[in-house]
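Order of appearance sets the numbers: ligands from 1, and atoms from 1 within every ligand.
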Amino acid sequence: MAILDRLPTRVRLMRMGLTVENEKCMLCGIEAETRDHLFFDCGFARELWGAVLILCGVNRRVRNWGRELAWNVHCFKGKSLIARMFKLDWASHVYDIWKEINSRLFGGKTRLMDDVLKDVKEDVQI
Ligand SMILES: [Zn+2]
């Protein structure tokens, strides 16, 4: 759903004519909540993905959605252990950010990036 840009972000909900409090990102409260912003442009997400990359021994700057997706698709084709690990990292990053947004929206709970990183690590270990 994220790759297809079909997640119900605030901007998408507003474009569909639904009433939304505002279009601001649930993580930073500054920028408009689009897919591209949520997963790689937002400071929270950028810091999270950067921490995941460091844990994987990858030293590179976090880029935007399109470039991160292209990097993953290009570098991690196939079914090798490293390719599977990075696909899991990517999926966990997206899933745990979406889970954090829902937690803030529906549960009123805000966690730090390090707490979300623990979830990503746990997801990948499982
Ligand atoms: Zn944000």
Donor-acceptor pairs under 3.5 Å, side chain of residues 100-112 to any protein atom, not counting sequence neighbours: which ones?
from: Glu100; atom 1: OE1; to: Arg111; atom 2: NE; distance (Å): 3.1
from: Glu100; atom 1: OE2; to: Arg104; atom 2: NE; distance (Å): 2.7
from: Glu100; atom 1: OE2; to: Arg104; atom 2: NH2; distance (Å): 3.4
from: Glu100; atom 1: OE2; to: Arg111; atom 2: N; distance (Å): 2.9
from: Asn102; atom 1: ND2; to: Trp98; atom 2: O; distance (Å): 3.4
from: Ser103; atom 1: OG; to: Lys109; atom 2: O; distance (Å): 3.4
from: Arg104; atom 1: NH1; to: Met26; atom 2: O; distance (Å): 3.1
from: Arg104; atom 1: NH1; to: Leu27; atom 2: O; distance (Å): 3.1
from: Arg104; atom 1: NH2; to: Arg111; atom 2: O; distance (Å): 3.1
from: Arg111; atom 1: NH1; to: Asp119; atom 2: OD2; distance (Å): 3.0
from: Arg111; atom 1: NH2; to: Asp119; atom 2: OD2; distance (Å): 2.7

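Trp71 has its ring centre less than 6.0 Å from the ring centre of Phe76. Taking the six-membered ring for Trp and the full ring otherwise, His37 and Phe44 have centroids separated by 6.0 Å or more.
Screening residues 14-24 for salt bridge (Lys or Arg N to Asp or Glu O under 4.0 Å) gives no qualifying pairs among residues at least two apart or on separate chains.
Around the Zn ion (ligand 1), protein N, O or S atoms at less than 2.8 Å number 4.
No continuous path of hydrophobic side-chain contacts links Tyr95 to Met113 [ILVMFWY only; heavy atoms under 4.5 Å].
Taking Ile, Leu, Val, Met, Phe, Trp and Tyr as members and joining any whose side-chain heavy atoms lie under 4.5 Å apart, directly or through other members, the hydrophobic cluster of Leu18 also contains Leu13, Met14, Met16, Val20.
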